[in-house]
Trainee: 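Take this structure first; my questions come after.
Note that the numbering runs from 1 along the sequence shown for the chain. Keep in mind the model is a prediction, meaning the values are calculated, not measured.
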Amino acid sequence: MVPTDQIFRDSSSPWLRSRSRRSLVEHSIEEAWSELKSRLGDREETWEWGKLPTMTLDHPLGRIGILAPFFSVGPFPAPGDSTTVNSGFYSHSSPYQQVVGTSLRMVLSPGDWEQSRIILPSGQSENPLSDHYRDQFPKWSNGGSIPLNPRSEQTKDCPLLTLMPITQG
């Protein structure tokens with residue numbers, strides 16, 4: 001049972017002490033409508049959930065205000081929530097700012113490994129000086145991905161690093 005159901009079923013709930021259920025619901029709808037108009041404008045037909053929530057990928061050094069544009073990625077639209085595939089969670093104190101979101105998308109195809117895909121929102125590197133910092137973000141933000149298989153035609157021009165074990169002799 002969700003918390004709202006519990007509140008409405010319990011007539012002694014503190015939420016219902018000073019007003020009726022109907023009054024509480026009407027007030028909540030009016031308040032939500034007013035907030036949506038102030039955030040999204042007067043034309044309801046243009047309202048979209050995806051225009052409200054945002055997320056910023058904070059690099060530890062990006063938390064220093066002046067360094068944020070160089071180190072952090074975002075803010076960017078983050079339309080997911082806790083019940084969607086594009087998962088995202090919000091804090092009650094900042095309801096339109098995702099605090100947790102999708103950090104990796106991967107689709108594995110064991111029957112056909114060539115079809116396996118992956119994407120990282122911040123790119124392959126956490127080093128802001130690297131060409132691979134943020135390089136995957138445009139594809140990630142549009143729901144795209146890159147081939148996971150290094151032999152794929154799409155990755156033929158990418159450098160390949162092969163790690164070999166050190167043999168003790």
Side-chain angles (χ1 to χ4, degrees), residues 1-5 32 35-41 43-169:
M1 182 181 307
V2 294
T4 343
D5 292 341
E35 183 175 348
L36 287 170
K37 283 181 81 167
S38 72
R39 289 181 180 268
L40 297 173
R43 298 183 50 218
E44 296 92 21
E45 65 273 9
T46 64
W47 293 0
E48 293 177 31
W49 170 248
K51 292 179 180 178
L52 282 176
T54 62
M55 183 171 197
T56 300
L57 302 175
D58 286 321
H59 187 283
L61 293 175
R63 294 185 182 139
I64 300 170
I66 195 165
L67 299 177
F70 181 68
F71 287 99
S72 296
V73 180
F76 53 87
D81 67 18
S82 62
T83 62
T84 63
V85 173
N86 189 17
S87 186
F89 297 87
Y90 306 87
S91 68
H92 291 288
S93 61
S94 187
Y96 300 115
Q97 176 63 46
Q98 269 192 12
V99 292
V100 176
T102 307
S103 61
L104 164 77
R105 294 186 195 125
M106 182 173 14
V107 177
L108 298 177
S109 183
D112 184 4
W113 290 108
E114 295 282 330
Q115 298 303 313
S116 296
R117 318 274 305 163
I118 191 168
I119 195 83
L120 296 163
S122 59
Q124 187 65 28
S125 175
E126 276 293 315
N127 178 355
L129 300 176
S130 167
D131 291 342
H132 299 290
Y133 186 70
R134 299 184 187 160
D135 65 337
Q136 295 179 23
F137 180 75
K139 277 189 179 187
W140 179 88
S141 64
N142 290 315
S145 60
I146 57 175
L148 185 60
N149 188 329
R151 290 182 206 68
S152 169
E153 183 64 29
Q154 294 170 323
T155 58
K156 69 178 176 157
D157 296 328
C158 294
L160 180 63
L161 172 64
T162 304
L163 301 175
M164 302 296 290
I166 298 174
T167 57
Q168 305 267 334

Trainee: Do Leu40 and Thr46 touch side chain to side chain, with heavy atoms closer than 4.5 Å?
Mentor: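 No. Closest side-chain heavy atoms not under 4.5 Å.
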Trainee: What heavy-atom pair brings Gly41 and Trp47 nearest, and what distance separates the two atoms?
Mentor: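 Nearest heavy atoms, Gly41 then Trp47: O-NE1, 3.0 Å.
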Trainee: If you count heavy atoms of other groups shown closer than 6.0 angstrom to CD of Glu35, is the number above 12?
Mentor: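 Enclosed.
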Trainee: Out of curiosity, Arg105 CZ to Ser87 OG, how far, rounded to the nearest 0.5 Å?
Mentor: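 Output value for this atom pair is 11.0 Å.
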Trainee: Only counting residues at least two apart or in another chain, list the ones meeting side-chain contact (heavy atoms from CB on, under 4.5 Å) with Ser122.
Mentor: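 Partners of Ser122 by the side-chain contact (heavy atoms from CB on, under 4.5 Å) criterion, ordered by chain and then number, come out as Leu57, Glu126.
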Trainee: Could you tell me which non-hydrogen atom of Trp49 sits nearest to which non-hydrogen atom of Pro53, and how far apart they are?
Mentor: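 Heavy-atom minimum between the residues: O-CD, 2.7 Å.
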Trainee: What distance do Ile66 atom CD1 and Leu61 atom CG have between them, rounded to the nearest 0.5 Å?
Mentor: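 Going from the CD1 atom of Ile66 to the CG atom of Leu61 covers 13.0 Å.
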Trainee: Once rounded to the nearest 0.5 Å, what's the spacing between atom CD of Gln136 and atom CG of Leu120?
Mentor: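 The distance works out to 5.0 Å.
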Trainee: Using a 4.5 Å cut-off on heavy atoms from C-beta on, say whether the side chain of Trp113 contacts that of Leu108.
Mentor: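 Sidechains of Trp113 and Leu108: in contact.
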Trainee: I'd like to check Trp140 versus Ile146 (side-chain heavy atoms, cut-off strictly below 4.5 Å). Are they in contact?
Mentor: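 No, every pair of side-chain atoms sits at 4.5 Å or beyond.
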Trainee: So, the side chain of Ser109 versus the backbone of Ser116: is there a donor-acceptor pair under 3.5 Å, distance only?
Mentor: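 Absent.
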Trainee: Roughly how far, to the nearest 0.5 Å, is the OH atom of Tyr133 from the NE2 atom of His59?
Mentor: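 Reported value, rounded in 0.5 Å steps: 5.0 Å.
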Trainee: Just verifying a value: how many Å separate Glu44 CD and Leu36 CG, rounded to the nearest 0.5 Å?
Mentor: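 Going from CD on Glu44 over to CG on Leu36, the span is 9.5 Å.
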Trainee: Of all residues at least two apart in sequence or in a different chain, which pass the salt bridge (charged side-chain N to carboxylate O under 4.0 Å, His left out) check with Glu45?
Mentor: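 Once residues adjacent in sequence are excluded, the partners of Glu45 under the salt bridge (charged side-chain N to carboxylate O under 4.0 Å, His left out) criterion are Arg43.
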Trainee: Where do Tyr90 and Ala78 come nearest, in terms of heavy atoms and distance?
Mentor: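 Tyr90 and Ala78 have their closest heavy atoms at OH-O, 3.2 Å.
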Trainee: Mark yes when over 12 heavy atoms from residues, nucleotides or ligands other than Asp131 sit less than 6.0 Å from its CG; otherwise mark no.
Mentor: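 No, not enclosed.
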Trainee: Going by atom types only, do Thr54 and Gln97 share a side-chain donor-acceptor pair under 3.5 Å?
Mentor: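 Thr54 vs Gln97: donor-acceptor pair found between side chains.
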Trainee: Do the side chain of Asn127 and the main chain of Leu129 share a donor and acceptor less than 3.5 angstrom apart?
Mentor: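 Indeed, once roles are kept as given, a pair shorter than 3.5 Å links the two residues.
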Trainee: Could you tell me whether a side-chain N or O of Thr56 sits under 3.5 Å from a main-chain N or O of Asp58, the two making a donor and an acceptor?
Mentor: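 Such a contact is absent between Thr56 side chain and Asp58 backbone.
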Trainee: Using 0.5 Å steps for rounding, measure from the OG atom of Ser72 to the CZ atom of Arg134.
Mentor: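 It comes to 7.5 Å.
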